[in-house]
Amino acid sequence: MSYFMLAVGCTIGIGYMLRNLLVRGKRCKSKAKLHGKTVIVTGSNTGIGKTTAICLARRGARVILACRNKQRGEVAVAEVKEGSSSSEVVFMQLDLGSLSSVRSFAENFLTAEPRLDLLINNAGLFRHGRTEDGLGMMFGVNHIGHFLLTNLLLERLNACGPSRVVTVASVGHNLGKIDFNCLNTHKALGTGTSPLKAVQMYNASKLCNVLFTHELAKRLQGTKVTCYSLHPGAINSDIGRNWSKVFKAFKPFTAFFFKNTEEGAQTTLHCALQEGIEGLSGKYFSNCTVKDVYPKAKDDVAAKKLWELSERLSGLV
Ligand SMILES: NC(=O)c1ccc[n+]([C@@H]2O[C@H](COP(=O)([O-])OP(=O)(O)OC[C@H]3O[C@@H](n4cnc5c(N)ncnc54)[C@H](OP(=O)(O)O)[C@@H]3O)[C@@H](O)[C@H]2O)c1
Ligand SMILES: *[C@@H]1O[C@H](CO)[C@@H](O)[C@H](O)[C@H]1NC(C)=O
Ligand SMILES: *[C@@H]1O[C@H](CO)[C@@H](O)[C@H](O)[C@H]1NC(C)=O
Ligand SMILES: *[C@@H]1O[C@H](CO)[C@@H](O)[C@H](O)[C@H]1NC(C)=O
């Protein structure tokens with residue numbers, strides 16, 4: 001019996017060590033405090049967004065939870081307050097799948113709040129469909145919504161600089177392909193409804209996040225705003241909710257081999273807080289480290305083309 005216990009103990013111990021070695025990743029080392037600063041985190045009612053919000057509130061920031069559902073948003077406000085022992089936590093309704101919602105969020109925010117120091121474009125989804133405005137769902141929410149939101153808030157960010165825009169992309173962008181013909185004809189990154197198509201469109205939407213950040217950095221040269229994109233790691237979150245059968249089967253596996261949301265928030269925090277990375281504006285980070293990307297993810301021509309198309313599709317121009 002005691003040998004059995006020893007074997008179990010060793011297995012747990014070795015498993016724990018392996019997990020720390022292979023899964024956990026680096027932590028954000030900045031000690032920055034954020035008293036008097038205001039941050040927006042999109043999609044912060046669950047997943048890494050909620051944990052990011054808690055970590056920023058703990059450092060003293062006033063945190064705006066920009067979420068699409070009022071009920072879930074209000075529950076998250078209570079959780080973020082409790083998790084951070086801060087009362088400076090506010091819900092403001094934002095549905096990134098609706099251009100009019102993005103516009104009214106920006107208006108409400110700019111009227112109600114005097115400052116903006118950090119914009120964390122974190123929300124993202126992985127499912128088929130169309131947005132309210134007829135854009136492909138993943139293109140519309142993951143990219144266009146954040147594109148419009150960022151542009152509407154840039155003046156305020158600049159007025160409060162030094163300030164930052166942090167966009168949560170994914171390592172999946174490496175395999176993404178942007179089909180501009182399809183974007184022009186279907187306002188979507190692809191057609192079809194299979195799971196494979198979904199992954200392709202998701203990866204392409206994340207390539208949009210990286211190219212958006214690349215182009216934004218150029219346009220921000222000479223201002224007090226810098227920007228970064230990142231891969232948070234493979235995280236045990238709610239992102240697979242619409243593929244429940246497949247994802248549920250893997251839950252025990254992902255709980256061990258994927259990061260938890262606290263580990264998954266570290267690279268976002270690094271990009272938001274780390275002192276001295278301003279010279280890396282426009283770059284992509286993973287595991288709290290700047291990483292080089294494939295030529296297609298820093299392609300000046302594609303980035304400009306995507307920017308101009310996004311201006312039209314978001315109604316910015
Ligand atoms: N999980 C991973 O392994 C992984 C890997 C690489 C990158 N990422 C990226 O990390 C980010 C956060 O993902 P997560 O894993 O934390 O996922 P999650 O648990 O599913 O959280 C996603 C958040 O985005 C919100 N959201 C979805 N559609 C929205 C919309 N139309 N308007 C406003 N908010 C919306 C969700 O709100 P609701 O609750 O209302 O749906 C939720 O708060 C995403 O950008 C994702 O692509 C995740
Ligand atoms: C993160 O980087 C550290 C140090 O560079 C390395 O030891 C670790 O294996 C990396 N972790 C992950 C999950 O990539
Ligand atoms: C999407 O990206 C992930 C992560 O890099 C990769 O494993 C997957 O094969 C990609 N899928 C497609 C269809 O591009
Ligand atoms: C996605 O999942 C959510 C929550 O489980 C559900 O409310 C929604 O109807 C699903 N959407 C689609 C398109 O399957």
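All ligand and atom numbering here is 1-based and tracks the order in the structure.
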Q: Check whether any side-chain N or O of Thr267 sits under 3.5 Å from a backbone N or O of Cys288 as a donor-acceptor pair, and report yes or no.
A: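 Answer holds: yes.
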
Q: Starting from atom 21 (O) of ligand 1, find the nearest protein heavy-atom neighbour and note its residue, name and distance.
A: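 Looking at atom 21 (O) of ligand 1, the protein heavy atom closest to it is Thr46 CG2, 3.6 Å.
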
Q: Select the closest option to atom 31 (N) of ligand 1 among Leu149, Val168, Asn209, Asp95, judged by heavy-atom distance.
A: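 Answer by nearest heavy atom: Asp95.
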
Q: Does any N/O atom on Ile48 come nearer than 3.5 Å to any N/O atom on ligand 1?
A: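 Between Ile48 and ligand 1 (N or O atoms, distance only) the closest approach is under 3.5 Å.
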
Q: Once you restrict to heavy atoms under 4.0 Å, what part of Leu125 touches ligand 1? Side chain, backbone, both or neither.
A: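 Near ligand 1, Leu125 shows its side chain, while the N, CA, C and O stay back.
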
Q: Between Val293 and His173, what is the shortest heavy-atom contact and its length?
A: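 Minimum heavy-atom contact is CG1-NE2, 3.8 Å.
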
Q: Please work out which of Ile235, Ile120, Thr167 has its closest non-hydrogen atom nearest to atom 3 (O) of ligand 1.
A: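 Residue with the shortest heavy-atom distance to the ligand atom: Ile235.
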
Q: Does Pro232 approach ligand 1 within less than 4.0 angstrom via side chain, backbone, both or neither, non-hydrogen atoms only?
A: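 Just the side chain.
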
Q: So, Thr226 and Tyr228: side-chain donor and acceptor under 3.5 Å apart, yes or no?
A: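 Distance-only check passes for Thr226 and Tyr228.
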
Q: For atom 20 (O) of ligand 1, find the nearest protein heavy atom and state the residue, atom name and distance (0.1 Å precision).
A: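 Result: Arg241 NH2, 2.7 Å.
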
Q: Cation-pi between Lys70 and Phe91: NZ/CZ under 6.0 Å from ring centre and within 45° of the ring axis?
A: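 No, a cation-pi geometry is absent between Lys70 and Phe91.
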
Q: Quick test of your reading of the structure: of Thr131, Leu230, Asn122, Asn121, whose heavy atom lies closest to atom 44 (C) of ligand 1?
A: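 Considering heavy atoms of Thr131, Leu230, Asn122, Asn121, the nearest to atom 44 (C) of ligand 1 sits in Asn122.
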
Q: List every atom of ligand 1 that sits less than 4.0 Å from any heavy atom of Gly47, numbering the atoms from 1 in the order shown and giving each element.
A: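 In order of number, 16 (O), 19 (O).
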
Q: Who's the nearest protein heavy-atom neighbour of atom 8 (N) of ligand 1, and how far?
A: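 That would be Tyr202 OH, 3.6 Å.
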
Q: To the nearest 0.5 Å, what is the distance between CG (Leu65) and CZ (Arg72)?
A: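 It comes to 13.5 Å.
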
Q: Taking 4.0 angstrom as the limit and counting only heavy atoms of Leu175, give me the atoms of ligand 3 inside it, by number and element.
A: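 Within the 4.0 Å cut-off of Leu175, ligand 3 contributes 2 (O), 5 (O), 6 (C), 10 (C), 14 (O).
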
Q: Using a strict 4.0 Å cut-off to heavy atoms of Arg72, name the atoms of ligand 1 that fall inside it.
A: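 Heavy-atom distances to Arg72 below 4.0 Å select 38 (P), 39 (O), 40 (O).
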
Q: Could you pull out the closest heavy-atom pair between Pro114 and Cys160, with the gap in Å?
A: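 What the structure gives for the nearest pair is O-SG, 4.3 Å.
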
Q: Of the protein's non-hydrogen atoms, which lies at the shortest distance from atom 22 (C) of ligand 1, and what is that distance?
A: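 Nearest neighbour among protein heavy atoms for atom 22 (C) of ligand 1, to 0.1 Å: Gly124 O, 3.6 Å.
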
Q: Verify, without hydrogens or angle tests, whether Asp238 (side chain) and Arg241 (backbone) share a donor-acceptor contact under 3.5 angstrom.
A: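 No; zero donor-acceptor contacts below 3.5 Å.
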
Q: Looking at ligand 1, does Lys259 have a heavy atom less than 4.0 Å from it?
A: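 No, Lys259 has no heavy atom closer than 4.0 Å to ligand 1.
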
Q: Please state whether Val199 comes within less than 4.0 angstrom of ligand 3, counting heavy atoms only.
A: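 Contact present.
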
Q: Nearest protein heavy atom to atom 33 (C) of ligand 1, by residue and atom, and its distance?
A: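 Ranked first by proximity to atom 33 (C) of ligand 1 is Leu94 O, 3.3 Å.
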
Q: Starting from atom 32 (N) of ligand 1, find the nearest protein heavy-atom neighbour and note its residue, name and distance.
A: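 Atom 32 (N) of ligand 1 sits closest to the protein heavy atom Leu96 N, 2.9 Å.
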
Q: Assess whether a salt bridge exists between Arg62 and Glu113, defined as any Lys/Arg side-chain N lying under 4.0 Å from an Asp/Glu carboxylate O.
A: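 Here Arg62 pairs with Glu113 in a salt bridge, since their nearest N and O are under 4.0 Å apart.
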
Q: Are Glu215 and Arg219 close enough for a salt bridge, meaning some N to O gap below 4.0 Å?
A: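 A salt bridge is present here (some side-chain N lies under 4.0 Å from a carboxylate O).
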
Q: From atom 5 (C) of ligand 1, work out which of Gly233, Ser170, Ser101, Ala123 has a heavy atom at the shortest distance.
A: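 Ranked by closest heavy atom to atom 5 (C) of ligand 1, first place is Gly233.
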
Q: Side-chain donor-acceptor contacts of residues 31-43 below 3.5 Å, not counting sequence neighbours, with atom names and distances?
A:
unit_1, atom_1, unit_2, atom_2, d
Thr42, OG1, Asn122, N, 2.9
Thr42, OG1, Ala123, N, 2.9
Thr42, OG1, His146, NE2, 2.9

Q: Tell me whether Gly43 has any N or O atom under 3.5 angstrom from an N or O of ligand 1.
A: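 There is such a contact, yes.
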
Q: Any N/O of Gln200 closer than 3.5 Å to an N/O of ligand 3?
A: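 No, since none of the N or O atoms of Gln200 sits under 3.5 Å from an N or O of ligand 3.
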
Q: Looking only at heavy atoms, is any part of Phe258 under 4.0 Å from ligand 1, and if so is it the side chain, the backbone, or both, or is it neither?
A: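 The answer is neither.
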
Q: Judged on heavy-atom distance to atom 39 (O) of ligand 1, which of Asn45, Asn69, Asn142 sits nearest?
A: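 Nearest heavy atom to atom 39 (O) of ligand 1 lies in Asn45.
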
Q: Less than 3.5 Å between some nitrogen or oxygen of Ile239 and one of ligand 1, yes or no?
A: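 For ligand 1, there is an N or O atom that lies under 3.5 Å from one belonging to Ile239.
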
Q: Could a heavy atom of Ala169 be found less than 4.0 Å from some atom of ligand 1?
A: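 So Ala169 counts as touching ligand 1.
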
Q: Looking only at heavy atoms, what is the nearest atom pair of Cys182 and Leu189, with distance?
A: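 Minimum heavy-atom contact is SG-C, 4.2 Å.
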
Q: With side chains defined as the heavy atoms from C-beta onward, is the minimum distance between Ile54 and Arg58 less than 4.5 Å?
A: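 Counting from C-beta outward, Ile54 and Arg58 do come under 4.5 Å.
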
Q: So, for Ile48 and Ala265, which heavy atoms are closest and what is the spacing to 0.1 Å?
A: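 Heavy atoms of Ile48 and Ala265 come nearest at CG2-N, 4.0 Å.
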
Q: Quick one: look at Val141 and ligand 1, take heavy-atom pairs under 4.0 Å, and tell me if it's side chain, backbone, both or neither.
A: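 Only the side chain of Val141 comes within reach of ligand 1.
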
Q: May I ask you to check if ligand 1 and Ala234 share an N or O to N or O distance below 3.5 Å?
A: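 No, there is no polar N/O contact under 3.5 Å.
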
Q: Report the nearest protein non-hydrogen atom to atom 14 (P) of ligand 1: residue, atom name, distance rounded to 0.1 Å.
A: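 The closest heavy atom on the protein side is Ser237 OG, 3.4 Å.
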
Q: For Asn203, counting its heavy atoms only, list the atoms of ligand 3 lying under 4.0 Å from any of them.
A: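 By the 4.0 Å cutoff, the relevant atoms are 1 (C), 2 (O), 3 (C), 8 (C), 10 (C), 11 (N), 12 (C), 14 (O).
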
Q: With backbone taken as N, CA, C and O and side chain as the heavy atoms from C-beta onward, which portion of Lys206 lies under 4.0 Å from ligand 1: side chain, backbone, both, or neither?
A: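 It is the side chain that touches ligand 1; the backbone stays farther off.
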
Q: Taking only Lys NZ, Arg NE, NH1 and NH2, and the carboxylate oxygens of Asp or Glu, determine whether Lys283 and Asp292 approach each other closer than 4.0 Å.
A: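 Between Asp292 and Lys283 there is no salt bridge, as every charged N stays at least 4.0 Å from the carboxylate O atoms.
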
Q: If you have a sec, work out which protein heavy atom is nearest atom 27 (C) of ligand 1 and how many Å separate them, to one decimal?
A: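 Its nearest protein heavy-atom neighbour is Arg68 NH2, 3.7 Å.
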
Q: Between Gln274, His270, His231, Lys291, which is the residue that forms a side chain to side chain contact (heavy atoms under 4.5 Å, CB included) with Phe285?
A: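 With Phe285 as partner, side chain to side chain contact (heavy atoms under 4.5 Å, CB included) holds for just one option, His270.
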
Q: Write 'none' if nothing qualifies; otherwise put on separate lines each N/O atom of ligand 2 with a protein N/O atom under 3.5 Å away and their distance to 0.1 Å.
A:
unit_1, atom_1, unit_2, atom_2, d
ligand 2, 2 (O), Asn287, ND2, 2.3
ligand 2, 11 (N), Asn287, ND2, 3.1
ligand 2, 14 (O), Asn287, ND2, 3.2

